[in-house]
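I have placed the structure first, in the form of structure tokens, so that the comments after it can refer back to it.
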Amino acid sequence: MDDEPKGLDELVHCLRNSPHVALVFPAIDASEALRLLSTDDPRLGDRKARGLPIVDAVFADIDMPGLSGMEMSRVFAALRPSPALVFVTGHAEEAVNAFDLGALDYVLKPYQQDRLDRAIVRVIEKLAANAAPPRGGPEGSGLVQNDDEVIPVELAGTTKLIPRSSVRWVEAQGDYARLFTNDGSHLVRIPLAQLEERWEKAGFVRIHRSFLVSLPLITELRMGQGGYQVVIGNEEKVLPVSRRHTRALKDRLVGANRST
């Protein structure tokens, strides 16, 4: 979906170049997209009969007449089952809002075939995860296996996507949070409290007013100067544990240990 003919032609061409894409339905705006999805095309009817999404994925621009790509995403999100959403746009500043709406990827124009191919791979992985039987964590662990959320990071006009699974710990910095990964650190405009709520079921635990850590990466809880500390991974990164979070952390560590 793109209101610029050249942009739409390029998007359709790249999608059809992928061996993973069977059908492409071009649309110049949201109205045409909805009309296509409401037709009696037998290729779509078969999908409905099998309980599949009307389409697997929507690749959409953001800035369009009528309903914008952002507004259109809410329409698709209401479908059950809903398609994966990938934004293909020249507006880098909308990345955070896009991921808040559940976008799977955010491709910036101008792009090459290999960049769109990576977005298609994300769609395939999402479809495979949806088709797999639901899996919970070990009984009593309190952890849930779920989709690996990605966090968009803006750096010098480039949007970099940081998978949650690569984050080892997070440090609060005012209204921002700094994500620490094996490759370095990344500052994002998300309060630590918001990440704590979103990532709790993925195994992240608050140990201090300034720190959120990945529970499986804690290799040691020990008494240090001024109170308890945790050791993160093999690099022996040491972080403080506040008194108010000590009991809850011990309970989580004991519960995870009993489940293994």
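Keep in mind it's a predicted model, so treat the numbers as computed, not measured.
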Partners of [X] by side chain to side chain contact (heavy atoms under 4.5 Å, CB included), sequence neighbours excluded?
X      : answer
Arg189 : Tyr176
Ala172 : Leu192
Asp175 : none
Ser214 : Phe204, Pro216, Leu217

**Asked** Hey, mind stepping through Lys250 and Tyr228 against side chain to side chain contact (heavy atoms under 4.5 Å, CB included) and telling me if it holds?
**Response** CA-CA 11 Å; Lys250 286 182 176 180; Tyr228 278 98; 3.0 Å; yes
Evaluate the side-chain proximity of [Y] to [X]: yes if any heavy-atom separation is below 4.5 Å, no if none is.
X      : Y      : value
Leu249 : Leu221 : yes
Arg168 : Thr181 : no
Leu179 : Leu195 : yes
Val205 : Leu212 : no
Ile62  : Tyr106 : yes
Val170 : Val213 : no
Ile162 : Ser166 : yes

Within this structure, what is the [atom1]-[atom2] distance for the pair [X] and [Y], rounded to the nearest 0.5 Å?
X      : Y      : atom1 : atom2 : result
Ile28  : Leu8   : CD1   : CG    : 8.5 Å
Leu215 : Ile232 : CG    : CD1   : 9.0 Å
Leu108 : Phe87  : CG    : CZ    : 12.5 Å
Ile218 : Gln229 : CD1   : CD    : 12.5 Å

**Asked** Is there a path from Val121 to Leu85 through hydrophobic residues (I, L, V, M, F, W, Y) whose side chains come within less than 4.5 Å of each other?
**Response** no
For the student: nearest non-hydrogen atoms of [X] and [Y], plus distance:
X      : Y      : result
Asp56  : Val123 : O-CG1, 4.4 Å
Leu116 : Cys14  : CD2-CB, 3.3 Å
Lys109 : Asp61  : NZ-OD2, 3.6 Å
Ala119 : Val86  : CB-CG1, 4.1 Å
Arg178 : Ser185 : NH1-OG, 3.1 Å
Leu11  : Met1   : CD2-N, 4.1 Å

**Request:** Please collect all salt bridge (charged side-chain N to carboxylate O under 4.0 Å, His left out) contacts where either partner lies in residues 211-224, sequence neighbours excluded, each pair once.
**Result:** Glu220-Arg222
**Message:** Please list all pairs meeting salt bridge (charged side-chain N to carboxylate O under 4.0 Å, His left out) that have one or both residues in residues 5-18, counting only residues at least two apart or in different chains.
**Reply:** none
**Item:** From Glu196, Glu197, Glu200, residue fulfilling salt bridge (Lys or Arg N to Asp or Glu O under 4.0 Å) relative to Arg206
**Value:** Glu196
**Asked** With sequence neighbours left out, what residues match Phe180 under ring pair (Phe, Tyr, Trp, His ring centres under 6.0 Å)?
**Response** Trp169
**Item:** Test ring pair (Phe, Tyr, Trp, His ring centres under 6.0 Å) applied to His208 - qualifying residues, sequence neighbours left out
**Value:** Phe211
**Prompt:** Does CZ belonging to Arg209 count more than 12 external heavy atoms closer than 6.0 Å?
**Reply:** no
Partners passing side chain to side chain donor-acceptor pair (under 3.5 Å) against [X] (at least two apart in sequence or in another chain):
X      : answer
His245 : Ser242
Gln113 : Asn17, Asp117
Asp105 : Arg115, Arg122
Thr219 : none

**Asked** Is Ser18 reaching over with its side chain to a backbone N or O of Leu15, donor-acceptor style, under 3.5 angstrom?
**Response** no
